[in-house]
Amino acid sequence: MTKEEALFNYCLRLGDSSLILGQRMSEWCSNGPIIEEDIALTNIALDLIGQARTMLTYAGQLEGKGRTEDDFAYKRNEREFYNTLLSERPNGHFGDTTIRNFLHSAYYYHLFKVLSNSKDEMIAAHSVKSLKEVTYHLRHSAEWVVRLGDGTEESHQKVQKSFNDLWEYTGDLFEMNKVDELLIKEGIAVDLNDVKKEWLKTINEVLDRATLSKPEDAYMHSGRLNAIHSEYLGHLLAEMQFLPRAYPDAKW
Amino acid sequence: MEDVKKLEEFQAKIDAEIKIEPKDWMPEDYRKHLQRQISQHAHSEVIGMQPEGNWISRAPSLRAKVVLLAKIQDEAGHGQYLYAAAETLGKSRDEYIEELQTEKAKYSSIFNYPTLSWADMGAVGWLVDGAAIVNQVSLQRTSYGPYSRAMVRICKEESFHQRQGYEIIAHMAQGTPEQKEMAQDALNRFWWPSLMMFGPHDSDSPNMGNGVKWKIKRETNDELRQKFIDKTVQQAEVIGLTIPDPDLKWNEEKGHYDFGEIDWDEFWNVVKGNGPCNKQRLQHHIKAHEDGKWVREAANAYAQKQKNKQLVA
Ligand SMILES: [Fe+2]
Ligand SMILES: [Fe+2]
Ligand SMILES: [Fe+2]
């Protein structure tokens, strides 16, 4: 594996996670609990899809075969997507979405913080820009975790269950393989074990404020690195990719 | 009588183009008229998110997805300002929403039509936002201050939406034969309902009298409809689409287009709740509202706890 090949895969991981989570967030449009929240959730979707466009475009440049952001988004199958398992979890109720966003944005926050110093200029610039966005996503979701956790008895129980249900998808966020090994040596990628330590601090601190408890570390699913997914992803893609697949000659 | 004097002063202000502000005295009918009109407008912005939201997950490019999402978000923002303007008339957003959900308040009937292809995202922006702009430009001069200011802010974004919608449909009209067919079909389905957005003919519009005298409404339904038709016909020609009205013809003498008769039976049917999507739209709104109940309760409970803590400290 060359450095370019490794970096190509790394960009797909970042781009795909943002894309799939962004697609999920956009499903909230017109379904939020109040208008202000509808706007906030779709704002997050907009940021994430913007991040995906940058990373997928860069992946195309690295690959050098003329593939565009849309070729990557619309013309690949499940087994070619490298998004986090967490990002593809269904929205569920508002508490489920809040917890998923909180876990994911805390991950992105600590990841982009260190990737801002990446030796790859594009990754560094992308991380600096994205860090500003995910700082807001993290603050927004953490505030809701606290409100729901320390709100009513009903909300406390609901959101604690969301947390327990989603926890088993967090191990996948921090797994590494040869791609990471190679890129860490080049000063491009970072050791996700370090990111995990910071991430855990954030999680514990917010859970504490929210009067929620962290689930026991039990079995953790994995899949991201090998493009193995839940069945949910295929349906998400079928819907998202419908038009370019049905009309391959059309430009929109 | 005191009220007669107040009423005279009020009308003098209106005649002098001085805006009425929330704290000013106003006749009860003026207040009611505005509560109804502004809340109906706010509900339309919010319900209008649904037919366009229907295509976000299937937008055919990432750029198109971002543009559509941002557009719908603007509409949510319009709903927000308009509810705020309506609240200055002494009724809360919750009360207005309750009226919507119990069908005491209406929203624009155009949103009771389904969006069936991606071309509809073009048609809605081009025609529906286009018709809304004609109405809203006129409402920038409405006599109630908060409503007028909300319109100024909203109009800028609406013209952007209109251009984006036109761009989508223009692009498709010049695309593959299938795309062109979708574009024409979208125009066919949305043309007449867009004309109905301006409401019944002036001769059949019973509530108009005071609305015009009080300068809430500055131009009549028929005047506004004519403006919309005149500006839209050429836009269709430029991109090679045909407006589905065999009677449409330029009238040199009047300097306007003549057009065919609107199907008012269809109009009243949709107003009465029998449009293709009336039930779906309302159920969707009610479901989101009910699903969000525990969230709003939690936020209130949390805020109350924080307040109590501050009182103790
Ligand atoms: Fe609007
Ligand atoms: Fe509008
Ligand atoms: Fe609009």
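Chain A is the first sequence line, chain B the second, and so forth, proteins listed ahead of strands; every chain is numbered from 1.
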- Most contacts with chain B, counted as non-hydrogen pairs under 4.5 angstrom, among A/A250, A/G95, A/P244: A/A250

- Query: Quick one: what part of B/L62 sits under 4.5 Å from any heavy atom of chain A, side chain, backbone, both or neither?
  - Reply: both

- Can you name the nearest heavy-atom pair linking B/V66 to A/L46, along with the distance? O-CD2, 3.4 Å

- Query: Given that the side chain runs from C-beta out, which part of B/A70 has a heavy atom under 4.5 Å from chain A: side chain, backbone, both or neither?
  - Reply: both

- Item | Portion of A/A73 that has a non-hydrogen atom of chain B nearer than 4.5 angstrom | side chain

- Of all the heavy-atom pairs spanning B/G292 and A/P33, show the shortest one and how long it is. CA-CB, 3.6 Å

- Note on the structure: When every non-hydrogen atom of B/G77 is compared with those of A/I39, the smallest separation belongs to N-CD1, 3.8 Å

- Item | chain B contact via A/V159 - side chain, backbone, both or neither, heavy atoms under 4.5 Å | neither

Which N or O donor-acceptor pairs, by atom type, sit under 3.5 Å across chain B and chain A?
| residue | atom | partner | partner atom | Å |
| --- | --- | --- | --- | --- |
| B/S57 | O | A/Q23 | NE2 | 3.1 |
| B/S57 | OG | A/E239 | OE2 | 2.4 |
| B/A59 | O | A/Y74 | OH | 2.7 |
| B/S61 | N | A/Y74 | OH | 3.3 |
| B/S61 | O | A/Y74 | OH | 3.3 |
| B/L62 | N | A/D70 | OD1 | 2.9 |
| B/K65 | NZ | A/Q23 | OE1 | 2.7 |
| B/Q73 | NE2 | A/I39 | O | 2.9 |
| B/Q73 | NE2 | A/T42 | OG1 | 3.3 |
| B/Q73 | NE2 | A/N43 | OD1 | 3.4 |
| B/Q80 | NE2 | A/E36 | OE2 | 3.0 |
| B/R93 | NH1 | A/E36 | OE1 | 3.1 |
| B/R93 | NH2 | A/E36 | OE1 | 3.4 |
| B/R93 | NH2 | A/E36 | OE2 | 2.5 |
| B/Q179 | NE2 | A/K251 | O | 2.8 |
| B/H284 | NE2 | A/S30 | O | 3.2 |
| B/H284 | NE2 | A/S30 | OG | 2.9 |
| B/H284 | NE2 | A/N31 | OD1 | 3.0 |
| B/R296 | NH1 | A/P33 | O | 2.8 |
| B/K305 | NZ | A/D150 | O | 2.9 |
| B/K305 | NZ | A/D150 | OD1 | 3.0 |
| B/K305 | NZ | A/G151 | O | 3.0 |

- Below 4.5 Å from any heavy atom of chain B, which atoms of A/F242 appear? Answer side chain, backbone, both or neither. side chain

- Query: Which answer fits A/L19, side chain, backbone, both or neither, if we ask what part of it has an atom under 4.5 Å from a heavy atom of chain B?
  - Reply: side chain

- Query: Hey, what do you get for CD1 (B/I97) to CD1 (A/I35), rounding to the nearest 0.5 Å?
  - Reply: 6.0 Å

- Answer key: most heavy-atom pairs under 4.5 Å with chain B among A/V146, A/L236, A/L243 is A/L243

- Query: At a heavy-atom separation under 4.5 Å, does B/M182 approach chain A through its side chain, its backbone, both, or neither?
  - Reply: side chain

